[in-house]
Amino acid sequence: MESSYSLIILLLLTSAISLISALEKTNVEFIRTSCGLTTYPTLCFKSLSTRAAAIQTSPKLLAQTALSVALDTTRTTSSSMVKLSKVHGMAPLEVAAMKDCLELLSDSVYELQRSLHEMSRPGSKDSRLVMRDIQTWVSSAMTDEDTCTEGFKNDLKMESVVRGKIVKAAHLTSNALALINSYASLSR
């Protein structure tokens with residue numbers, strides 16, 4: 001009798017492990033397929049696949065997580081740029097360009113925070129309007145990140161340094177926007 005219970009428990013445990021493994025594969029494949037819709041699919045998958053258990057197969061959670069990753073990276077980039085701005089010996093034009101860049105990154109962080117906050121709120125009376133606002137804010141954040149390097153056109157070395165710091169945040173923001181657009185089209 002005791003061995004029957006042991007066998008039943010072993011079978012249930014094995015079944016549960018198989019089910020969990022199948023769900024994890026499904027979640028990861030959902031992320032891989034969804035990331036295929038983005039401009040930077042490899043970066044998308046790499047940045048989101050480690051969060052597959054939390055995302056599951058939810059387009060909303062996928063978009064929110066992508067937005068959160070973009071926000072975290074943009075914050076880190078902004079902090080890195082603040083440190084770079086304190087380097088002595090920059091020409092007056094570089095100082096002005098750096099000030100503009102820091103302001104643009106600050107705006108980008110604000111727009112991404114605002115978007116994440118709105119996406120995290122429980123349903124709204126007019127979710128289409130809210131989604132359009134989020135799409136606009138994330139698009140604006142992406143433009144801010146891209147625009148950051150424009151002030152350094154006369155100094156190719158500094159432009160390269162700044163671009164090197166900003167490119168990942170801009171690509172993650174682009175991916176987040178693509179996933180938000182995909183989610184918005186599903187929720188219509």
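What you see is a predicted model; the values in this text were computed from it and never measured.
Under a 3.5 Å cut-off, the side chain of E118 and the backbone N or O of V130 do not form any donor-acceptor pair. A donor-acceptor contact shorter than 3.5 Å links the side chain of T173 to the backbone of A169. With hydrogens and angles ignored, the 3.5 Å screen pairs a side-chain donor or acceptor of T76 with a backbone N or O of D72. Counting only distance, with no hydrogens or angles, the side chain of T73 and the backbone of V69 share a donor-acceptor pair below 3.5 Å. Panel note: side chain T38, backbone C35; a donor-acceptor pair is recorded below 3.5 Å. Between the S174 side chain and the A170 main chain, no donor and acceptor come within less than 3.5 Å of each other. Using modelled atom types, no side-chain atom of T50 and backbone atom of K46 make a donor-acceptor pair closer than 3.5 Å. Of the possible polar contacts, none joining the S182 side chain to the A178 backbone as a donor-acceptor pair under 3.5 Å is found. A donor-acceptor pair under 3.5 Å links the side-chain atoms of T65 to the main chain of L61, judged by distance alone.
Going from atom CG of D100 over to atom CD of E150 covers 10.5 Å, rounded to the nearest 0.5 Å. Summarising the geometry, atom CZ belonging to R128 is positioned 14.0 Å from atom CG belonging to D133; distances are rounded to the nearest 0.5 Å. Put simply, CZ on R132 and OG1 on T136 are 9.0 Å apart, with the number rounded to the nearest 0.5 Å. Interatomic distance, T33 OG1 to F45 CZ, rounded to the nearest 0.5 Å: 9.5 Å. Between the CZ atom of R163 and the OG atom of S160 there is a distance of 8.5 Å, given to the nearest 0.5 Å. For the atom pair OG1 of T77 and NZ of K165, the computed distance is 8.5 Å after rounding to the nearest 0.5 Å.
Residues V95 and I166 are members of one and the same hydrophobic cluster, defined by side-chain heavy-atom contacts under 4.5 angstrom among Ile, Leu, Val, Met, Phe, Trp and Tyr. Under the 4.5 Å side-chain heavy-atom criterion for grouping Ile, Leu, Val, Met, Phe, Trp and Tyr, L71 is connected to I134 within one hydrophobic cluster. Following chains of ILVMFWY side-chain contacts shorter than 4.5 Å, one cannot reach L104 starting from M81, and the two form parts of different hydrophobic clusters. No chain of hydrophobic side-chain contacts below 4.5 Å, direct or via other Ile, Leu, Val, Met, Phe, Trp or Tyr residues, connects L48 to L37. Under the 4.5 Å side-chain heavy-atom criterion for Ile, Leu, Val, Met, Phe, Trp and Tyr, V109 and M119 are members of the same hydrophobic cluster.
Using a 4.5 Å heavy-atom cutoff, the side chains of T39 and H171 are not in contact. A heavy-atom distance below 4.5 Å is found between the side chains of L43 and K168. Side-chain contact between P59 and F30 is present, with heavy atoms from C-beta onward closer than 4.5 Å. Between V138 and M142 there is no side-chain heavy-atom pair separated by less than 4.5 Å. At least one side-chain heavy atom of C44 sits less than 4.5 Å from a side-chain heavy atom of L179. In this structure the side chain of Q64 never reaches within 4.5 angstrom of the side chain of Y183, judged on heavy atoms. Residues M98 and F152 form a side-chain contact, since some pair of their non-hydrogen atoms from C-beta on lies under 4.5 Å apart. Side chains of V82 and L105 form no contact here, defined as non-hydrogen atoms less than 4.5 Å apart.
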Can you check side-chain contact (heavy atoms from CB on, under 4.5 Å) on I55 and N27, steps first, answer last?
-> CA-CA 7 Å; I55 294 168; N27 297 346; over 6 Å; no
May I have the step-by-step check of side-chain contact (heavy atoms from CB on, under 4.5 Å) for L186 and K60, ending in yes or no?
-> CA-CA 10 Å; L186 292 174; K60 182 176 184 178; over 6 Å; no
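When V167, L112, L172 are each tested for a side-chain contact (heavy atoms from CB on, under 4.5 Å) with E145, only one passes: L112.
No more than 12 heavy atoms of other residues, nucleotides or ligands lie within 6.0 Å of NZ in K99, so this atom counts as exposed by the packing criterion. Taking a 6.0 Å sphere around CG of L93, one finds it holds 12 or fewer heavy atoms contributed by other residues, nucleotides or ligands.
Across all their heavy atoms, M90 and S85 have their closest contact at CE-O, 3.3 Å. For the residue pair P41 and G36, the shortest heavy atom distance occurs at CB-CA, 4.2 Å.
In this structure, the side-chain hydrogen bond (donor to acceptor under 3.5 Å, both in side chains) partners of R32, at least two apart in sequence or on a different chain, are E29.
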